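Excluded from the calculations below are hydrogen atoms, water molecules and symmetry mates; all remaining heavy atoms, backbone and side chain alike, are included. Quick note: residue numbers are just sequence positions, from 1. Keep in mind that this is a model prediction, so the values were computed, not measured.
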Amino acid sequence: MESKQKKYIIGVTVALSVIAVALLVAAFATNTWVSSAPKQDVNSTAAKNRTDSMVFTGKSDFGIFKGEQTLNYVAGSRSAELTVICEPADGLCLYVFMRPGVVARTKLTQIITAYKESNGTDSSGYTQYGLFSFWLWASTIMFLALSIVMGLVNIGFSIFNIFGRPIETITGPMGLYVWNGIAFVFVVVTLAVFGTLYVTQLSKNFMMLDDYKIGWRSEGHTKLHFSFMYIIGAGAAFILNVVLLCLSGQSMRCGYSSAGEKEVDNGMILY
């Protein structure tokens with residue numbers, strides 16, 4: 001009876017792990033990590049040259065690969081895709097607002113060149129150009145992918161514990177703690193890395209230099225959005241798995257010792 005109860009608890013953790021992996025995949029695939037309502041500064045040259053006093057407001061939603069942005073250029077709102085383009089050699093990336101005539105790679109090269117000409121060897125101050133760290137961006141992708149992989153590994157071994165007879169310690173109950181724990185750690189690192197990218201760079205400015213020059217500002221008008229929350233939910237599911245395993249009495253060792261016992265069949269000892 002106790003064994004059935006433990007297998008039932010493991011079954012619940014499988015369901016939670018599936019939910020966690022689904023949330024992580026959804027975060028990967030969706031473009032709502034960050035949401036912003038950038039405004040055009042009334043003190044900008046472009047705003048002062050207008051005859052009206054209206055403050056134009058835009059809308060931006062983007063993920064780790066792409067998104068969408070709408071800005072009003074007096075003649076009306078213009079919507080286009082935001083796409084990430086990176087230059088690993090310079091360690092910089094840019095969300096390019098893909099308006100007609102814009103070539104992403106060319107735009108990135110132009111902005112990096114402008115940044116270098118203005119700042120020289122100074123490695124700071126690139127956020128006003130809309131540039132952000134390639135290494136933080138790439139690390140976010142890497143640790144998010146590792147979180148998904150460990151979630152899938154956890155699901156596989158959990159199912160094996162329900163229907164199989166694990167002998168090795170790492171494939172038994174101890175392994176369930178390990179896989180859930182590692183998946184949780186990767187999720188936390190993903191949150192920490194992207195959180196750092198957001199706080200230090202994206203929340204200050206992600207607008208292209210062209211738009212920044214005519215007064216568009218996103219600082220103070222930007223927030224983390226649904227996709228980022230999906231990752232928090234996945235982390236909560238993995239840590240809840242550990243709690244359930246503890247409450248069910250699963251010890252941090254292989255609990256299926258009977259699988260390693262000798263069995264006698266027709267006078268022959270089987271190992």
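- Atom OG of S60 is separated from atom CG of L82 by 5.5 Å, given to the nearest 0.5 angstrom.
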Quiz item: Between D210 and I214, is a side-chain contact (heavy atoms from CB on, under 4.5 Å) present by the stated rule, with each step listed?
Solution: CA-CA 7 Å; D210 311 43; I214 60 174; over 6 Å; no

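- Legend: disulfide (SG to SG under 2.5 Å) pairs involving residues 184-213, not counting sequence neighbours: none detected.
- Within 6.0 Å of atom CZ in F28, more than 12 heavy atoms from other residues, nucleotides or ligands are found, so the atom counts as buried in its surroundings.
- L108 contributes atom CG, which lies 11.0 Å from atom CE of M208 (distance to the nearest 0.5 angstrom).
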Quiz item: Is there a side-chain contact (heavy atoms from CB on, under 4.5 Å) between I159 and V14 once you walk through the steps?
Solution: CA-CA 7 Å; I159 293 174; V14 170; 4.3 Å; yes

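- Residues T200 and T127 come closest through the heavy atom pair O-CG2, 4.1 Å.
- Residues V25 and I19 are members of separate hydrophobic clusters, defined by side-chain heavy-atom contacts under 4.5 angstrom among Ile, Leu, Val, Met, Phe, Trp and Tyr.
- Shown here are the ring pair (Phe, Tyr, Trp, His ring centres under 6.0 Å) partners of F238, two or more places apart in sequence or in another chain: there are none.
- Classified by interplanar angle (parallel below 30°, tilted 30° to 60°, perpendicular above 60°), the ring pair F160/F157 is perpendicular.
- The shortest distance between side-chain heavy atoms of F143 and V187 does not fall below 4.5 Å.
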Quiz item: For D61 and K59, what are the C-alpha separation, side-chain angles and deciding distance, and is it a salt bridge (Lys or Arg N to Asp or Glu O under 4.0 Å)?
Solution: CA-CA 7 Å; D61 291 294; K59 179 173 176 53; 3.2 Å; yes

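- For M142, the side chain to side chain contact (heavy atoms under 4.5 Å, CB included) criterion is met by L146, not counting sequence neighbours.
- Taking each heavy atom of I10 and S158 in turn, the nearest pair found is CG2-O, 3.5 Å.
- In plain terms, the two heavy atoms of A80 and F97 that are nearest each other are CB-CE1, 3.4 Å.
- Take Y95 and apply the ring pair (Phe, Tyr, Trp, His ring centres under 6.0 Å) test, not counting sequence neighbours, and it matches F62, F132.
- In this structure, the side chain to side chain contact (heavy atoms under 4.5 Å, CB included) partners of I232, at least two apart in sequence or on a different chain, are L191, F228, M229.
- Atom OG of S147 is separated from atom CD1 of I182 by 11.0 Å, given to the nearest 0.5 angstrom.
- Looking at residues two or more places apart in sequence or on another chain, you find a side chain to side chain contact (heavy atoms under 4.5 Å, CB included) between V102 and V96, M98, R99, K107.
- Considering only heavy atoms from C-beta on, Q69 comes within 4.5 Å of M207 through its side chain.
- Between Y115 and Y129, the angle of the ring planes goes over 60°, which puts this pair in the perpendicular group of the 30/60° scheme.
- S118 places no side-chain N or O within 3.5 Å of a backbone atom of A114 that could act as its donor or acceptor partner.
- Residues forming a side-chain hydrogen bond (donor to acceptor under 3.5 Å, both in side chains) with S133 (at least two apart in sequence, or on another chain): none.
- Under the 4.5 Å side-chain heavy-atom criterion for grouping Ile, Leu, Val, Met, Phe, Trp and Tyr, V188 is not connected to L23 through any hydrophobic cluster.
- The hydrophobic clustering, which links ILVMFWY residues whose side-chain heavy atoms are closer than 4.5 Å, places V21 and V153 together.
- Judged purely by atom type and a 3.5 angstrom limit, W33 has no side-chain atom pairing as donor or acceptor with the backbone of F226.
- Counting only residues at least two apart or in different chains, side chain to side chain donor-acceptor pair (under 3.5 Å) contacts with residues 219-239 comprise T30-S227, T32-S227, S36-T222.
- In plain terms, the two heavy atoms of G130 and L94 that are nearest each other are O-CD1, 3.3 Å.
- By the side chain to side chain contact (heavy atoms under 4.5 Å, CB included) test, Y8 pairs with V12, sequence neighbours left out.
- One hydrophobic cluster, built from ILVMFWY side chains closer than 4.5 Å, holds both L131 and F65.
- A distance-only check finds a donor-acceptor pair linking the side chain of T190 to the backbone of L144 [under 3.5 Å].
- Residue pairs meeting the side chain to side chain donor-acceptor pair (under 3.5 Å) criterion with at least one member in residues 15-24, sequence neighbours excluded: S17-N154, S17-N241.
- Both L176 and V178 are part of a single hydrophobic cluster, where members link through side-chain heavy atoms under 4.5 Å apart.
- Among V199, I231, L202, the single residue meeting the side chain to side chain contact (heavy atoms under 4.5 Å, CB included) criterion with F194 is L202.
- Residue S218 comes nearest to N205 through the heavy atom pair OG-CA, 3.4 Å, listed as atom of the first residue, atom of the second, then distance.
- Remark: Y212 pairs with no residue by the ring pair (Phe, Tyr, Trp, His ring centres under 6.0 Å) rule, at least two apart or across chains.
- Taking CG of N161 as the reference point, atom OG1 of T13 lies at 8.5 Å (rounded to 0.5 Å).
- Counting heavy atoms from C-beta on, the side chains of F184 and I239 come closer than 4.5 Å.
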Exercise. Might you work through the side-chain contact (heavy atoms from CB on, under 4.5 Å) test for W179 and M150, ending with a clear yes or no?
Key: CA-CA 6 Å; W179 310 128; M150 293 312 305; 3.4 Å; yes

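- With sequence neighbours left out, R105 forms a salt bridge (charged side-chain N to carboxylate O under 4.0 Å, His left out) with E87.
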Quiz item: What's the verdict on side-chain contact (heavy atoms from CB on, under 4.5 Å) for V84 and W137, showing C-alpha distance, side-chain angles and the deciding distance?
Solution: CA-CA 10 Å; V84 175; W137 175 79; 3.9 Å; yes

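- In terms of heavy atoms, W216 sits closest to G58 at CZ3-N, 3.6 Å.
- Note that CG of L24 and CD1 of I148 are 5.5 Å apart. Values are rounded to the nearest 0.5 Å.
- Taking OG1 of T113 as the reference point, atom CG of D90 lies at 8.5 Å (rounded to 0.5 Å).
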